[in-house]
Amino acid sequence: MTEADRALDRIFRTESGAVLATLIRVLGDFELAEDALQDALTAAVEAWPDSGVPDAPGAWLTTIARRKALDRLRHQKIVQAKSGTVALLTRLEHEAQTEPDALGWSPVPDDQLRLIFTCCHPALSGEAQVALTLRTLGGLSIGEIARAFLASEAAIAQRLARAKQKIRRAGIPYEIPDRHSLGPRLDAVLSVLYLVFNEGYWATGGRELVRGDLVADALRLARSLAALLPDEPEPLGLLALMILHDSRREARTGDEGELILLEDQDRSRWKRDAIAEGLGLVEVALRMKRPGSYQIQAAIAAVHAEATAATETDWPQIALLYDELLRYEPTPVIELNRAVAVSFASNADLGLRLLERIERTGALENYAPFHLARADMLRRLDRRGEAREAYERALPFADNEQVRRFIELRLRGAT
Amino acid sequence: MKYVLLIYAAEKNWANLSKEEQGRIYNDYWAYTEELKKSGKMQACEPLQPTFTATTVRVRNGKMLSTDGPFAETKEQLGGIYVVDVKDLNEAMEWAARIPDAFTGSIEIRPVMDVSSIDNIK
């Protein structure tokens, strides 16, 4: 890719979500909007190297896309003469004559929100929600989504096509949910963005520990969601959580990409400006006095970020925050995290007892972090044989190569 | 848009209910149906006889084969349908969530196909 290609790529990524959002509203058709945007992007690739990038690339793309949509409809009219096509064509032709030039276009926040809530509609499968969000709002190509989720391009293309068909055929509305359903609908959006972030940050499969692109995409989308809903504390909480996690990115892996645990990280490599931003956002969110799961998780990340050394960590505070978090999210994984916090706040014996309670439910049997937490507590208690067994039990469930390497290192160290 | 709301519930649960409990559910359905009618969005409402009354017919090689019972044995059975004409899927979901059997069974929402949009039907 040349420098010019990369510049184009950047513009497409940042502009296409907002442009598409407007096109869907204007055209009233998800697929037509996408096709028209693709036409406009193709036109840009041809025109911009000669004419230069316009001052308002989004406006340029919107104008061209509307024209291309008209062309497509005129063509369809000749071939098929569908009644719906004719009505839409008539309306668009009328608008093209009467509306002031769309070059004055700027992103419409409500359009973007409509698109976010449509992509993350609960009637779509979780996988479809993620793929649609990355494709339409994140501006990722099908190939990029396929690589990020270790799926084939054909599978992602089919997933997207199915989802768009369902939106149209099942009558999923293109609208912002009203007040009484905003809460649960927003939860769905937040969990899609957090899933994208985690897929990048923890990279469950594959060779590298961090897939930086997905992290950046998730951060960008979370930033725009927080800006679009400034009165909602949870999007701020999610953004803060992502920023605080990401502030440790450099310190999380060693020279050869291997995993370094929080307690062993070189804290001078944490990004101070990111931490400052994250802490500020947590404060703004908590001041709205409507606590929620992401705000509490961000508060936990904030306590870690404020400790200048691992031994300075305020573990009792973290254990308390996990108690609070369990009220919103009573899941075995949160129980596990609470047990780890308690093991540091009090002692590893107490932590182990909490882990036994989780173990009896069998819920985390196949979850590598559970066995790793147990192994670490046993190691701290100098119960080496049992620690070794626990590391070995984690091994088959660790899909990431770097996590496996970490376990193998510990196994060698434990003997 | 038109949607069919298919009501799936376990028939054997129904048989185990007392007369009073059954009466309460009938009343709930009555109230729900009245409200749906009043909203002007109900197109049809068809409760079905239990699956032991069902007959399944197939034609293979020009021969009609009929069997006793529903086309598939499932844990929950189709017990009735509503057809509603509402703004979009969100509104259909809201009505579906208020059907009495939604609290113990499942409601499947299926958009009705708009035949006028199919070009090759004469």
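We name chains A, B, ... by the order of the sequence lines, and we start the count at 1 in each one. Only heavy atoms go into these numbers, but all of them, side chains included; no hydrogens, no water, no symmetry mates.
- For a residue to count as touching a neighbouring chain, one of its non-hydrogen atoms must lie under 4.5 Å from one of that chain's; by this rule B/Glu94 touches chain A with the side chain only.
- The environment of A/Arg290 atom CZ is dense: over 12 non-hydrogen atoms of other residues, nucleotides or ligands sit within 6.0 angstrom.
- Listed by sequence position, A/Arg169, A/Ala170, A/Gly171, A/Ile172, A/Pro173, A/Glu175 are the residues of residues 168-178 of chain A in contact with chain B, using a 4.5 angstrom heavy-atom cutoff.
- Crowding of A/Glu127 atom CD: a count of heavy atoms from other residues, nucleotides or ligands under 6.0 Å not exceeding 12.
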